[in-house]
Chemist: 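Take a look at the following structure, please.
Residues take their numbers from the sequence shown, with the count starting at 1.
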Amino acid sequence: MIPAIVKLIKTGTTRSMQKYVKQLLAIFLLLLISACGNRPEELEGKTVFRYNESAGITSLDPAFARNQANIWAVNQMFNGLVQLDSNLLVQPCIAKSWEVSEDGMIYTFTLRNDVYFHDNVCFAEGMGRKVTSEDVVYSLQRLTDPTIASPGAWALSSVSENAGKPDISAPNDSIVVIKMKYPFPPFPGLLGMQYCSVVPREAVEYYGENFRNSPVGTGPFYFKMWKEGVKLVLLRNDNYFEYNGADRLPYLDAVAVSFIIDKQTAFLEFVKGNLDFISGLDASYKDELLTASGMLNPKYNEKIKMHSQPYLNTEYLGFIYDSLNSLINTSALKDVNVRKAINMGFDRKKMIRYLRNNIGEPGTKGMIPAGMPGYNHYKNYGYDYNPSEARRLLAKAGFPDGKGMGPVVLSTNASYLDICQFIQSELSKIGIELKIDVSPPATLKENIAQSRIPFFRGSWIADYPDAENYLSLFYSGNFTPQGPNYTLYNNPAFDRLFLEASSITHDSLRFEAYTRLDSIIMQDAPVVVLFYDRVLRFTRSGISGLGSNPMNLLVLKHVKKG
């Protein structure tokens, strides 16, 4: 049946017919998902929290928790030495306490003695054993193992080396010592990243490459099953070490994740009560769910709760910066004047008002988002709408009114097609011909990570609560594929100041350096900042305890479902 539907989509004579048939395919796939075990036997009669992941999950191994879809799932099954609370303050987790030497060069962590790995066949008699400091050493050093090729290897770039590995040691079963190359004040927060989760050597060795789909951690939920693209099921860890007062966490019996690609279909499932939670805003349902001013549609007041707050997420367009790169060396995009013209060629305020229902803040002040320590509300760099200056810059680059420039291709996914089409229309008014290439989210992410496309829509959600995280996208030591420098930006002056700033222990002085670094980026224009996002969460009325945080991390251990 599916091949027949796909054939109809390709051969439909009208757009309306194609749209109708696509809707039929979405409904058929939804029914197929239900038939393939939408409610495994383990979930019958249980309290199950259900959410959808339209972008798909590529790995459940923390070493590959590089995007939100992976991070959300990993966060339910694993813990690190520390964790961030709803205010992004560093709190104990597997480590009950820690000390920092006066010079900031040595961190000493003391572990809890009641943390156990999930029961699994990889352990003797299938019983999960107690976590020791050796597990922490193994897990963190594994991140930098070249045979693993973790995209999170950069997280330990500030740690010194010993015998070719990060200098992390275990003097005894409950103490972990980490030695630094230089003082790095954000380091404890960085250890709260899901990359730094603690994993057991036995499981990694037992499952090998299949550890990605057979994860074993210490988290509030343990892995039950994952049928890729269909369903992920996690069950309550009855031996979890954290409590809320006298109550052992978590409260839920299970978590079930579906993978409905079409966001409008997922929204309809949420409205019907088949999903408990959705996050973010999509063009397919924004006007149904929100008023023009960004408030919840009154007709949903009794069924749905909405929560919104500043989100440490900068949405942007990125250019490959290296002018010698084969993707860019014959393109007009290698000229900084063209990149600046694109920055000035569209109205961000209008974009937010009409396409985002006023959810978000126009990105006119650099890469560091509002709400992040180091964000300067009074900074005077960045770009705003200025079509006359954009035309002047195009002429300066040798392309008056865009003549001789040729088309520019922007790669995106379907969720941002409306924004890209808006920019396309606006840029056409100053003579820039923009073509849009739409790819599936997973394909786009991989192409960006591998620097395979010259101009792309991207976003950066803070991994840890320090502006250094955003600036690290432009440090030449973080080139892809292991690092986050997707634009291949390279500026020696920026690199020098970046390394200096990272070791400044006085917060206000470090924030001043961050502002200077942000201004250098804007001057070279390897990116077009679109907007600073807001966390937008919708839950069914029976859900409580979900909360929110500026990094939009999904934390389910406190959730109750009435």
Side-chain angles (χ1 to χ4, degrees), residues 62-63 65 74-75 77-85 87-118 128-145 150 152-163 165-204 216-220 239-243 249 463-466 468-469 502-503 505 553 555 557:
V74 164
N75 191 54
M77 294 181 285
F78 293 89
N79 300 104
L81 283 171
V82 301
Q83 58 189 329
L84 302 179
D85 65 17
N87 296 314
L88 302 186
L89 299 176
V90 180
Q91 302 293 347
C93 194
I94 292 178
K96 63 181 180 181
S97 63
W98 60 93
E99 297 178 353
V100 187
S101 62
E102 288 189 9
D103 60 4
M105 296 291 285
I106 300 176
Y107 288 80
T108 303
F109 294 87
T110 302
L111 307 189
R112 299 175 62 122
N113 62 3
D114 59 350
V115 182
Y116 288 80
F117 289 114
H118 302 149
R129 62 167 177 80
K130 183 186 294 186
V131 173
T132 71
S133 54
E134 287 292 347
D135 295 310
V136 178
V137 174
Y138 169 75
S139 301
L140 295 179
Q141 290 184 341
R142 177 175 177 257
L143 276 184
T144 64
D145 184 342
S150 167
W154 62 273
L156 299 180
S157 60
S158 60
V159 177
S160 65
E161 291 188 0
N162 184 11
K165 295 182 178 181
D167 195 346
I168 306 172
S169 59
N172 59 45
D173 283 351
S174 61
I175 300 294
V176 175
V177 177
I178 302 177
K179 296 182 179 179
M180 310 296 290
K181 293 177 183 175
Y182 45 82
F184 186 53
F187 186 65
L190 190 147
L191 288 176
M193 295 167 59
Q194 281 59 50
Y195 282 134
C196 300
S197 301
V198 176
V199 303
R201 182 191 294 268
E202 296 97 320
V204 174
V216 181
T218 61
N239 297 315
Y240 189 57
F241 61 92
E242 286 191 291
Y243 285 76
L249 298 176
D463 294 306
Y464 49 95
D466 192 276
E468 189 268 353
N469 188 212
S502 299
S503 61
T505 57
L553 180 64
V555 180
K557 59 190 175 186

Chemist: Just how far is it from atom CZ of Phe117 to atom CZ of Phe78, taken to the nearest 0.5 Å?
Modeler: 9.0 Å
Chemist: Would Leu111 and Thr132 count as a side-chain contact (heavy atoms from CB on, under 4.5 Å) here? Give the steps.
Modeler: CA-CA 8 Å; Leu111 307 189; Thr132 71; 5.7 Å; no
Chemist: So which atom in Tyr116 and which in Gly128 form the shortest heavy-atom distance, rounded to 0.1 Å?
Modeler: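 It is CD2-O, 3.7 Å.
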Chemist: So, the side chain of Ser133 versus the backbone of Val176: is there a donor-acceptor pair under 3.5 Å, distance only?
Modeler: no
Chemist: Do you know which of Leu143, Thr144, Leu156 makes side chain to side chain contact (heavy atoms under 4.5 Å, CB included) with Ser150?
Modeler: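 For Ser150, the side chain to side chain contact (heavy atoms under 4.5 Å, CB included) check succeeds only for Leu143.
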Chemist: With a 3.5 Å distance limit and no angle check, can you tell me whether Glu99 reaches the backbone of Phe109 through a side-chain donor-acceptor pair?
Modeler: no
Chemist: Hey, which of Ser197, Cys93, Cys196 is the one that makes side chain to side chain contact (heavy atoms under 4.5 Å, CB included) with Asn79?
Modeler: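 Exactly one pass, corresponding to Cys93.
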Chemist: Just verifying a value: how many Å separate Glu134 CD and Asn172 CG, rounded to the nearest 0.5 Å?
Modeler: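 Glu134 atom CD to Asn172 atom CG measures 10.0 Å (nearest 0.5 Å).
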Chemist: Lys181 vs Val159, test: side-chain contact (heavy atoms from CB on, under 4.5 Å). Steps then yes/no.
Modeler: CA-CA 5 Å; Lys181 293 177 183 175; Val159 177; over 6 Å; no
Chemist: Taking the side chain from Ser160 and the backbone from Asp167, do they hold a donor-acceptor pair closer than 3.5 Å?
Modeler: no
Chemist: What is the minimum heavy-atom distance between Met105 and Asp103, and which atoms define it?
Modeler: N-OD1, 3.1 Å
Chemist: To the nearest 0.5 Å, what is the distance between CG on Leu553 and CG on Asp85?
Modeler: 11.5 Å
Chemist: Distance check, rounded to the nearest 0.5 Å: Leu140 atom CG versus Ile168 atom CD1?
Modeler: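 Going from the CG atom of Leu140 to the CD1 atom of Ile168 covers 4.5 Å.
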Chemist: How close do His118 and Gly219 get, counting heavy atoms only, and between which atoms?
Modeler: NE2-O, 3.0 Å
Chemist: Check whether any side-chain heavy atom of Ser174 lies under 4.5 Å from a side-chain heavy atom of Asn113, and answer yes or no.
Modeler: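 They are not in contact (no side-chain heavy atoms under 4.5 Å apart), so the answer is no.
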Chemist: Taking only residues two or more places apart in sequence, or in another chain, which ones meet Arg129 in a salt bridge (charged side-chain N to carboxylate O under 4.0 Å, His left out)?
Modeler: Asp135, Glu202
Chemist: Side chains of Leu190 and Asp463, heavy atoms from C-beta outward: is any pair under 4.5 Å?
Modeler: no
Chemist: Please name the residue in the list Phe187, Trp98, Phe184 that meets the ring pair (Phe, Tyr, Trp, His ring centres under 6.0 Å) test with Tyr107.
Modeler: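 Looking at Phe187, Trp98, Phe184, the match for Tyr107 under the ring pair (Phe, Tyr, Trp, His ring centres under 6.0 Å) is Phe187.
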Chemist: Donor-acceptor pair, distance only, cut-off 3.5 Å: does the side chain of Thr110 make one with the backbone of Lys96?
Modeler: no
Chemist: Quick check: do Leu249 and Pro220 have side-chain heavy atoms less than 4.5 Å from each other?
Modeler: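 No, side chains not in contact.
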Chemist: Could you report the tightest heavy-atom contact between Val82 and Pro188, atom names first, then the distance?
Modeler: CG2-O, 3.2 Å
Chemist: Identify the heavy atoms of Gln194 and Ala65 that sit nearest to each other, and give their distance.
Modeler: CB-CB, 4.0 Å
Chemist: How far apart are the closest heavy atoms of Ser157 and Tyr182, and which atoms are they?
Modeler: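 In terms of heavy atoms, the two residues are closest at O-OH, 4.2 Å.
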Chemist: Tell me, with the steps shown, if Leu84 and Val90 meet side-chain contact (heavy atoms from CB on, under 4.5 Å).
Modeler: CA-CA 5 Å; Leu84 302 179; Val90 180; 3.7 Å; yes
Chemist: Distance-only, no hydrogens or angles: does the Asp466 side chain make a donor-acceptor pair with backbone N or O of Glu468 under 3.5 Å?
Modeler: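 Looks like yes, one N/O pair under 3.5 Å.
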Chemist: Can you measure from CG (Asn469) to OH (Tyr464) and round to the nearest 0.5 angstrom?
Modeler: 4.5 Å
Chemist: Does the side chain of Val198 come within less than 4.5 Å of Val115's, by heavy atoms?
Modeler: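 Side chain of Val115 against side chain of Val198, heavy atoms only: no contact under 4.5 Å found.
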Chemist: Begin with the C-alpha distance, continue with both residues' side-chain angles, and end with the deciding distance and a verdict on side-chain contact (heavy atoms from CB on, under 4.5 Å) for Phe241 and Val131.
Modeler: CA-CA 11 Å; Phe241 61 92; Val131 173; over 6 Å; no
Chemist: For the side chain of Gln141 and the backbone of Pro166, is there at least one donor-acceptor N/O pair under 3.5 Å apart?
Modeler: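 Such a contact is found between Gln141 side chain and Pro166 backbone.
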